[in-house]
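Convention: sequence-line order gives letters A, B, ...; per-chain numbering from 1.
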Amino acid sequence: MMLKRFLRSRGMRKLRRNRMAMVASAVIGLYALVALFALFGGVSLDDTKRRVWRENTPGFLQPMSKEIADYTLDWHADKWLRPKMEAARRASDERSRQFSFDTAALGQRTLADLPGDELIALWDEAAGIYDEWRELQDTADEANEELEFFRIDLDAERAKDAPDQDMIEELEGEIEYYEGQLEQAARAPELAADLRAKLLELHPVPTGVPGMVYRAKLWFGTDSKGASIIIKGLYATKIAFQIGFVTAVGAVLIGTLLGAAAGFFGRFVDEAVMWIVSTLSSIPYLVLLAVLVVMFRGSIFDNEARPALALVPLYAAFGMTFWVGTCRVIRGEVMKIKELEYVQAATAIGFARPYIVLRHVVPNTVHLMFINFSLLFIAAIKGEVILSFLGLGVKGQPSWGIMIAHSKDQVSSGFFWEILTATALMFGLVLAFNILSDALQDAFDPKHVS
Amino acid sequence: MALLEVRDLHKRFPKHGGVLNRVVGNVHAVNGVSFDVNEGEVVGIVGESGCGKSTLGKTVIQLLGATEGSIKFDDQELTSLSHAEMMPFRRKMQMIFQDPYSSLNPRLTVRQLLREAIRFHKVVGADQVEAHIDSIIEKVGLRPDSKDKFPHEFSGGQRQRIGIARALCLKPKFLVADEPVSALDVSIQAAVLNLMMDLKDEFGLTMMFISHDLKVVEHFCDRVLVMYLGHVVEELTCDNLHADARHPYTTALLGANPIDDPTQRRSLTILKGDVPSPYNPPPGCPFTTRCPVVKDRCHQEMPPLEDKDATPGHRAACWEVEGAGVASSAAAGEG
């Protein structure tokens with residue numbers, strides 16, 4: 001009933017006509033869906049830490065060069081599978097062998113569904129190809145190197161006034177030998193293709209939904225530990241929404257109640273509230289936040305094993321500082337409203353003053369509550385990112401600030417996917433909220449709403 | 001017996017200033033006003049903007065606390081009552097406000113607005129609330145389907161009717177109407193005034209009618225109090241307003257009214273200057289700065305409000321009005 005009436009109200013109709021606002025709302029809705037999906041277990045904290053592929057893999061927009069492809073093959077066969085398969089071969093009982101097979105999984109890519117012996121046999125084939133391929137590559141490298149030197153020597157010998165014919169022949173013989181080696185090494189790409197096929201057999205890409213999930217996890221590449229960046233980004237969206245929502249609701253509630261009390265009752269209530277407000281607002285808020293967060297260190301909230309509790313210091317810090325602006329705005333509005341005749345009419349009827357505040361005054365500041373909610377929401381998200389970047393915010397779980405902080409060392413080496421993802425996700429949400437709060441301001445401006 | 005007795009009522013608003021926010025002065029909005037309102041009577045309060053009419057009305061029904069003086073309603077002193085003790089009188093005394101646009105909470109429907117008040121005072125039993133709302137809405141001339149509409153869906157005249165409904169749904173005995181029609185179009189004014197007259201008879205109301213429009217007051221009221229800068233300067237019956245008026249301010253007010261007969265010329269006494277600041281009123285009679293018949297004595301002493309002639313219920317506060325005739329030539333000229 002209340003909601004229906006609210007949706008029919010003049011402000012909402014005006015808001016619905018604003019196309020930008022509707023697009024922004026849709027974007028926010030999308031983020032909210034992602035956040036809810038993550039909140040209800042769609043993306044768990046373990047998912048964000050699970051290795052899905054080689055570390056620092058570029059995302060799909062960046063084409064994979066031959067060097068990177070070869071290096072990836074190297075990593076896949078030698079660095080990832082070999083230790084696990086060797087461990088499985090050495091395993092004394094079935095359970096520890098199965099454990100080795102299980103740990104060889106890469107995100108959704110578990111080992112092929114084959115009996116253990118066949119897996120090991122398959123691995124031996126793959127390892128044979130790998131070793132051969134590796135040897136050929138080494139041979140080719142060596143041959144290339146030697147050829148270069150011999151050719152320089154040969155040219156130098158021929159350029160002499162009196163070339164030593166024996167020397168030239170010897171050098172030519174060497175060059176012929178290494179060119180033969182190089183010809184043999186030309187088989188390397190073939191072997192690489194074979195190896196890739198064998199590894200795919202060992203580590204099949206799942207089909208259907210798990211396959212799509214696997215590929216989606218690689219869209220934005222992996223971080224320095226091989227975990228999926230997009231999964232981290234989605235989880236961080238949940239964290240951002242949690243912090244934004246809890247903080248904004250809390251701050252708007254506190255600010256509205258205190259502001260309404262100060263504006264309506266005046267005198268010492270006003271003095272007391274405004275004293276707190278001006279004291280809090282005279283302290284730079286990031287400094288205050290940092291102090292508050294440091295204050296919580298070592299308490300039960302500073303426990304990485306309980307990620308839900310770990311956010312409480314942030315809620316408290318933002319909640320304590322953010323209500324100030326709302327309080328001041330609401331106080332001014334209430335001072336204006338309390339002089340209006342409908343408040344006097346309510347007094348003439350004889351209603352108690354607290355009832356008048358809650359029934360006749362506060363509901364008429366609801367447009368300010370909406371606008372402040374949207375402003376505080378983004379302020380909290382931005383504050384979280386800044387504090388997390390400084391190492392004072394979220395701990396033990398990914399957040400946009402943590403992602404940016406983690407990737408700051410890798411950006412200089414050309415790996416920019418993590419910072420780009422975190423920034424883009426934050427940018428989208430903050431921009432959408434800014435557009436929405438502007439539209440809210442337009443739609444609910446009391447100058448246009450009678 | 002008088003329903004309402006006001007004796008020597010003062011209302012001062014303290015003015016704060018300086019670094020320490022101390023009281024540096026007072027705005028004398030109402031300054032020693034005394035009058036009675038008899039049961040069933042309509043008393044008009046006229047005066048120009050800022051003369052304290054509205055403040056007087058709001059102080060009488062205890063929307064503002066009186067600084068000094070006494071207000072007796074039904075023989076009960078109101079100024080000393082607590083919030084709870086005041087409650088039965090809140091129901092008996094209601095107010096109609098000037099601005100129909102700010103006197104209705106934009107977030108409540110008409111039904112919510114009325115139900116809230118009726119339930120609070122238990123005017124009727126819980127099962128009759130809706131019926132009572134229907135009857136009130138019908139009595140103020142609103143369509144039954146307007147119950148679930150919001151104030152912004154109504155015109156100014158309709159809003160004023162809602163304001164009247166809100167006051168009357170408590171079945172009050174005494175009503176303060178604070179310029180109820182001055183914000184409305186002339187055509188709507190007549191309709192709302194006629195409605196108020198009908199309702200006055202139907203509900204047996206006693207009213208204080210605040211206005212700056214003498215025509216409306218003459219039409220609507222039994223008696224009229226003329227206010228100037230917080231003082232009542234003249235009190236007259238409305239039957240013979242033009243002939244009775246003695247005070248130079250009243251005659252100037254009456255003279256400023258257009259007359260609806262082109263063959264007659266009105267005698268204009270145009271007042272010079274502005275109303276003095278109520279923060280720093282002149283000594284003696286407050287009207288001295290603009291009075292056409294001002295004498296030395298006026299600057300020294302405030303004239304008391306007293307009977308000046310044989311006409312019952314006629315009192316004036318002016319040194320120059322001595323019995324019938326003096327300073328009344330201007331007023332007589334219009335009749």
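Per-residue heavy-atom pair counts under 4.5 Å with chain A were compared for B/Ser103, B/Ala84, B/Pro151, and the maximum is reached by B/Ser103. When the candidates B/Gln62, B/Met86, B/Arg166 are compared by the number of heavy-atom contacts under 4.5 Å with chain A, B/Arg166 comes out ahead.
The distance from atom OG1 of A/Thr347 to atom CD1 of B/Ile61, rounded to the nearest 0.5 Å, is 9.5 Å. Remark: B/Leu104 CG to A/Leu340 CG distance equals 11.0 Å, nearest 0.5 Å.
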**Message:** Could you walk me through whether A/Ile349 and B/Glu116 satisfy the side-chain contact (heavy atoms from CB on, under 4.5 Å) test, starting with their C-alpha distance in whole Å, then the side-chain angles of each, then the deciding distance to 0.1 Å, before giving a yes or no?
**Reply:** CA-CA 10 Å; A/Ile349 288 170; B/Glu116 178 185 64; 5.6 Å; no

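Around atom OH of A/Tyr315, more than 12 heavy atoms belonging to other residues, nucleotides or ligands sit under 6.0 Å away. More than 12 heavy atoms of other residues, nucleotides or ligands shown are found within 6.0 angstrom of CE on A/Met274. Crowding of A/Tyr355 atom OH: a count of heavy atoms from other residues, nucleotides or ligands under 6.0 Å exceeding 12. Around the NZ atom of B/Lys200, the shell of radius 6.0 Å holds more than 12 heavy atoms that belong to other residues, nucleotides or ligands. Residue A/Met20 qualifies as open at atom CE: its count of foreign heavy atoms under 6.0 Å is 12 or below.
Contacts of A/Phe351 with chain B are made by both backbone and side-chain atoms, with heavy-atom separations under 4.5 Å. Neither the backbone nor the side chain of A/Arg353 comes within contact range of chain B, judged by heavy atoms closer than 4.5 Å.
Between A/Arg359 and B/Asn105, every side-chain heavy-atom pair lies at or beyond the 4.5 Å cut-off. Considering only heavy atoms from C-beta on, A/Gln344 stays 4.5 Å or farther from B/Met95 through its side chain.
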